[in-house]
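All residue numbers refer to positions in the sequence shown, counting from 1.
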Amino acid sequence: MLCSVEGLSIDFLVYNVYGFACYALFNTAFFFNKRIGDEYARRNDGHENLVRFNDLFFSYHALVLSLVTFAQSFYYKRAPAQSSSLYLLSFIKLGCSMIKYIPQAWLNYQRKSTTGWSIHNIMLDFTGGTLSFAQLILDAIRSGNVTEALGNPVKFGMGLASIGFDLVFLTQHFVLYTDRYDPQDIEAQVRCQSAPSTYGSTDSSDVSTF
């Protein structure tokens, strides 16, 4: 027995586990969730999706074996640590942080309102992002090399992204869209006002005679 994984790429193992985990979730959703199946049929002229039990079994079988192989890389002798996978995962997180705010900002712009959405979450996020960014800068200044702040590009980028988008949200909430109402409720009120009113009308059956 070799009892070594020196010739095995750790990056390959990480990507393999991640890929089969996503594939297993995809197959699980399409195989068990009827709503997803119905939506698929509506989008594809009534045809049902082709995910079958063997697809489900294969994805979880591959995921389990990938996890076993990945676990062996921590037990058996291996080559020096490879950090590219960790950098990739961190940049994926940075990418998610850069784009996750956009749908909410766009929704606020379309509705011209921030009603139904908590500004307190943004205040906390802004506070955390500011403190994280400040810590990074202060650590760099303390070390005597300000450029070290860029040595952790993910933390640097996440801090800037959260602060920047939080400022957008705060501007929307406190400056641009200060009316605290739900646009849908206003539309309902307009419909009610435009409908014929029966208030104050009298019916002969309601009039008492003496």
Next on the checklist: Are Val168 and Ile163 linked, directly or through intermediate hydrophobic residues, by side-chain heavy-atom contacts shorter than 4.5 Å (ILVMFWY only)?
Outcome noted: no
Checklist entry - If you look at every heavy atom in Gly37 and Asn49, which pair is closest and at what distance? => result CA-ND2, 4.1 Å
Checklist entry - What are the two closest non-hydrogen atoms of Ala161 and Ser97, and how far apart are they? => result CB-O, 4.5 Å
Next on the checklist: Could you check whether any side-chain heavy atom of Leu65 comes within less than 4.5 Å of a side-chain heavy atom of Phe20, counting everything from C-beta outward?
Outcome noted: no
Next on the checklist: Would you say that Asp125 contacts Phe165 through its side chain, given a criterion of any heavy-atom pair below 4.5 Å between the two side chains?
Outcome noted: no
Item to check | CA sep, side-chain torsions, deciding dist, call: Leu56, Phe32, side chain to side chain contact (heavy atoms under 4.5 Å, CB included) | outcome: CA-CA 10 Å; Leu56 189 69; Phe32 289 107; 3.5 Å; yes
Checklist outcome for this item: Applied to residues 154-168, the side chain to side chain donor-acceptor pair (under 3.5 Å) test, sequence neighbours excluded, yields Gln135-Lys155
Checklist outcome for this item: Nearest heavy-atom contact between Ala24 and Leu63 is CB-CD2, 4.4 Å
Next on the checklist: Check whether Thr130 reaches the backbone of Phe126 with its side chain - one donor and one acceptor, N or O, closer than 3.5 Å.
Outcome noted: yes
Checklist entry - Does the side chain of Ile119 reach to within under 4.5 Å of the side chain of Thr114, using non-hydrogen atoms? => result no
Item to check | Heavy-atom side-chain contact between Val17 and Leu13 under 4.5 Å | outcome: no
Checklist entry - Between CG of Leu138 and CG of Leu131, what distance do you get to the nearest 0.5 Å? => result 10.0 Å
Item to check | Test item: Asn16 side-chain N/O and Phe12 main-chain N/O as donor-acceptor pair under 3.5 Å | outcome: no
Next on the checklist: Grouping I, L, V, M, F, W and Y whenever their side-chain heavy atoms are under 4.5 Å apart, do Ile137 and Leu160 come out in a common cluster?
Outcome noted: yes
Next on the checklist: More than 12 heavy atoms of other residues, nucleotides or ligands under 6.0 Å from OH of Tyr18: yes or no?
Outcome noted: no
Checklist entry - Phe53 and Tyr60: same hydrophobic cluster, using ILVMFWY side-chain contacts below 4.5 Å? => result yes
Next on the checklist: Keeping Asn33 on the side-chain end and Ile36 on the backbone end, is there a donor-acceptor pair under 3.5 Å?
Outcome noted: yes
Item to check | Heavy-atom pair with the smallest gap, counting every atom of Gly157 and Met98 | outcome: O-SD, 4.4 Å
Item to check | Ion pair Glu39/Arg43, N-O distance below 4.0 Å | outcome: yes
Next on the checklist: Show, in sequence, the C-alpha distance, side-chain angles and deciding distance for Asp38 and Arg42, and conclude whether the salt bridge (Lys or Arg N to Asp or Glu O under 4.0 Å) test is met.
Outcome noted: CA-CA 6 Å; Asp38 293 341; Arg42 286 196 302 270; 5.6 Å; no
Item to check | Sidechain-backbone polar pair: Gln172 side chain, Tyr177 backbone, donor-acceptor under 3.5 Å | outcome: no
Checklist entry - According to the interplanar angle, ranging from 0 to 90°, do the rings of His61 and Phe57 count as parallel (below 30°), tilted (30 to 60°) or perpendicular (above 60°)? => result parallel
Checklist entry - For Asn27 and Asp55, which heavy atoms make the closest approach, and how far apart are they? => result ND2-O, 3.3 Å
Next on the checklist: Hydrophobic cluster membership, with links at side-chain heavy-atom distances under 4.5 Å among I/L/V/M/F/W/Y: are Leu124 and Phe133 in one?
Outcome noted: no
Next on the checklist: Within the 4.5 Å heavy-atom criterion, are Trp117 and Ile122 side-chain neighbours or not?
Outcome noted: yes
Checklist entry - Looking only at heavy atoms, which two atoms of Met123 and Phe174 are closest? And how far apart? => result CE-CZ, 3.5 Å
Checklist entry - Okay, side chain of Lys112, backbone of Tyr109: is any donor-acceptor separation there less than 3.5 Å? => result yes
Checklist outcome for this item: Taken to the nearest 0.5 Å, the spacing of Phe169 CZ from Asn121 CG works out to 9.5 Å
Checklist entry - Tell me, do Tyr23 and Phe58 make a side-chain contact under 4.5 Å, heavy atoms counted? => result yes
Checklist entry - If you group Ile, Leu, Val, Met, Phe, Trp and Tyr by side-chain heavy-atom gaps below 4.5 Å, do Phe91 and Met158 land in one group? => result yes
Next on the checklist: Working to the nearest 0.5 angstrom, can you tell me the gap between Leu176 CG and Leu170 CG?
Outcome noted: 11.5 Å
